[in-house]
Amino acid sequence: MANLYDPTNIQSAAHPGTRRAAVRPGVSQMRGGIGEMVALWDLLGPFAMVAGALVLWGLSLQRVDLDRMTDLGLVSVLPVTFYMAIGLLSVSFVWVVSRPRMPGALLALHVAALVFMVHATPTILYGTLRYSWAWKHVGIIDYIFRHGSVDPSLTALQAYHGWPGFFGLGALFTAAGGWPNAIDIASWAPVYFNLMDLGALLLIFRALTRDQRLVWSGVWLFYITSWTGQDYFSPQALTFFLYLVAIGICLRYFKPGAIPSKEAFKRYLLFGWAASLVRNVVVRASASESPVPATSRGTRLGLMLIAILALVVIAFSHQLMPVVAIMSLTLLVVFQRLRARTLPLLMALATAGWALYFGWPFIRANLADVIAALGTLGSNASDTFRNLSQASPGQVVIALADRALIGAVLVLAVAGGIRLILNRHWALSAALLIVAPIFILGITAYGGEIGFRVYLFALPFLAFLAAALFFPSLTAGTSSRAAFSLGVVTLALLPGFFLAYYGKERMFYFTPQEVQASDYLFNTAPAGSLIVSGSDNWATQYKNYEMYTYVPISREPRDSRLDITAHPVDALTRWMSDPKYPATYLIITRSQKAAVDMLGLMPAGSMSRLENALRSSSQFRVVYENRDATIFTVASAPSGGLR
Amino acid sequence: MNAVRRIVWPIALIASAVAVLVVTEVHVLPGIRQGVAMWFLLVCPGMGYVQFLRLRDVWAEWTLAVALSLSLGAIVALVMLMAHAWSLRGGLAALAAITVIGAALLPFRGEPRPDVAEERSRWQRPPAPGREQARP
């Protein structure tokens, strides 16, 4: 472990590349005990503040009553000491990043503490896996364990079989660790994926600037605005990390050393003025970013191979991320920020090749939807922003908070970009990588999530530009005013972040009782059973998933939902008496009710009314129940639901 | 640092490869098995090759080692899935072999040439007339 305060380990923020004395000049001139105390505080203060924040955080977790969670999610039950802990950590970070001496390891400690405090909190408090989709991903790994392969022709969760890279890898991790399933490993995914992203972010930001204050402030702002929750046990979390690494390698090691002539630009821009303009921007951008480290040809070859492998894994692990990677690499090549000109083509070939071979069954099955979404940029974007008229009041607040947070990040990034330009720095690469994901808006609505995915893919570079608002050049931002501003902005963003990130936890959290009910169901339901649920938000499809037929009521056509709402017993008796199923079940859980009510999927209270109607009906029988879940079957079925 | 790269890392990587094969075959405490497996799969397959590149940047080395290890793991798993032959033993054996090869290469990596810092790629040649060299 390097000595953090070894002068040779410390770089001056304002003068990177130079070394500064370990003792602050002002401190060394102080006399006697006060000077020594200030020096000691300078040395130990940040450690004490990080330790204090962690202790405060640990204590606050003991006072959380999850049963009291409202529509504002975890925000409604976390004690004030939790927020004080994050605030203390933030103040400490701003203090360290603004000092002339700023050891990277100490800043990394702050970021790691932030990641742990934010992302380990639900894992520790719940003791169960959150997000229904994470359970489904566990189910794909369960399938691999049982079959030794995947089957792209399966209709249930078909996309995962078509792009199975993450699941094959997850199966290796799970089996190697000796776990019977991937639930344990999935529970901690947000922590380790975010920690992995830290290295990739540093790789990118260090390629964009030599100012370490800007690098670390960008990292910090990324983590306090990354609220979309795509860091769970999922293909997108893995491919996002690999995407950042591939982009980091390109930006850091493969920037062109020379800029083509104006004539060369004119060849594809046609107009002389446009060629001059773009070339000027490229020249200024080249001068602004960090120089390429001296490397041998063999090293460059090795680095390129790592980038290519990462991109290939992206191509067979996710449907959307390859498109973002292609667009990003293409823009970097076109604007002379990447000299590996064939890399976008290679990625396009890998993506198309995989999609047309292994992914084709999924694409063929969804071709009509894919074609319908093509080019409908406005519609795809607006799908992201749910109609709030049906949502619960708490969720309206949450939705407004996440939209405000996106707006704030955009404003800060634009302001930071302008300040960079005023300081004669052109963050062209960052700007291109913000623009690149926007193209996917024209391809798909992605289940109404596409706008948030665009935000996530652009966020590292938005955060970088936002940080440039405080540190626009190596010589600017050295006053205490810059540090104060960064601190104020951090503390202003945090409430929005917590509302947006923790605000849906009432539905993302599955109580141990709910998980017990799911365990009962999947341990007893015979193969071929019909499993009806109030919504698809429950611990589902994690075991023998392909053996059952799933029908979430909230995803049925409107007429069916109205029928069930008006005549629950008759409608469900018809559904669940179909002789083609050896057994039929209806499961209603606390989290299903929460999702239906919070998101307005059906009229508020629908699930509770449905449950009460079935309980009082002689047509249905309860086969399992606990505090948070009830499982029904039709009364004519033999014990256990078997017909 | 060179001694670490030439001797300690190869030994650690080969030992990790052996260890992961052992702990998944014999009964050991779950915590030990999980720790060894996580360490091996996250770091070892890629670390030998990344050390070979001599990047002189610890952050970059560890990040790239993890990315390369995960990429190699995903590719090995994919090959097994497509062959309808996914298995823990097969996957770990393949990754252990990749790790051992990467580790075995390290002692043979030559010292960096004194002029490596001055080496210019074909993109970094002095600009031709009409082409402007980017300022560092």
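Each chain gets a letter, A, B and so on, in the order its sequence line appears, and its residues count up from 1. The figures that follow rest on heavy atoms only: side chains count, while hydrogens, waters and symmetry mates do not.
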For B/Leu78, is it the side chain, the backbone, both or neither that has a heavy atom under 4.5 Å from a heavy atom of chain A? side chain
Part of B/Ala67 within contact of chain A (heavy atom distance under 4.5 Å): both
Apply side-chain hydrogen bond (donor to acceptor under 3.5 Å, both in side chains) to A/Tyr243 and list each qualifying residue two or more places apart in sequence or on a separate chain. A/Ser328
Closest non-hydrogen atoms of B/Ala74 and A/Gly165, given as atom of the first, atom of the second and distance, are CB-O, 4.1 Å
For a quick test of reading the model, state the closest non-hydrogen atom pair linking A/Leu203 to B/Ala60 and the distance between them. CD1-CB, 3.7 Å
For a side-chain contact (heavy atoms from CB on, under 4.5 Å) check, start with the C-alpha distance between A/Ile306 and B/Leu53, then their side-chain angles and the critical distance, and finish with the verdict. CA-CA 11 Å; A/Ile306 294 173; B/Leu53 301 179; 3.9 Å; yes
Does [X] reach the side chain of [Y], with side-chain heavy atoms less than 4.5 Å apart?
| X | Y | result |
| --- | --- | --- |
| B/Trp86 | A/Val150 | no |
| B/Val76 | A/Leu169 | no |
| B/Thr63 | A/Val245 | yes |
| A/Tyr192 | B/Leu42 | no |
| B/Leu70 | A/Met196 | yes |
| B/Asp57 | A/Arg252 | yes |

What distance separates [X] [atom1] from [Y] [atom2], expressed to the nearest 0.5 Å?
| X | Y | atom1 | atom2 | value |
| --- | --- | --- | --- | --- |
| B/Leu55 | A/Leu303 | CG | CG | 5.5 Å |
| B/Met82 | A/Ser149 | CE | OG | 11.0 Å |
| A/Leu305 | B/Ser71 | CG | OG | 11.5 Å |
| A/Phe173 | B/Leu88 | CZ | CG | 12.0 Å |

Option in [options] with maximal non-hydrogen atom pairs under 4.5 Å from chain B:
| options | value |
| --- | --- |
| A/Leu172, A/Thr174, A/Leu198, A/Ile314 | A/Leu172 |
| A/Ala171, A/Gly298, A/Ala310, A/Gly170 | A/Ala171 |
| A/Phe166, A/Phe167, A/Trp179, A/Phe241 | A/Trp179 |

Could you walk me through whether B/Ile75 and A/Leu309 satisfy the side-chain contact (heavy atoms from CB on, under 4.5 Å) test, starting with their C-alpha distance in whole Å, then the side-chain angles of each, then the deciding distance to 0.1 Å, before giving a yes or no? CA-CA 9 Å; B/Ile75 289 168; A/Leu309 283 179; 3.5 Å; yes
More than 12 heavy atoms of other residues, nucleotides or ligands under 6.0 Å from CZ of B/Arg89: yes or no? no
Determine which residues belonging to residues 30-41 of chain B lie within contact range of chain A, meaning some heavy atom pair is under 4.5 Å apart, and list them by number or answer 'none'. B/Arg33, B/Gln34, B/Ala37, B/Met38, B/Leu41
Interface moiety of A/Leu301 toward chain B, non-hydrogen atoms closer than 4.5 Å: neither
So which part of A/Tyr357 gets closer than 4.5 Å to some heavy atom of chain B, the side chain, the backbone, both or neither? side chain
What residue in B/Gly91, B/Ala77, B/Ser87 has the most heavy-atom pairs under 4.5 Å with chain A? B/Ala77
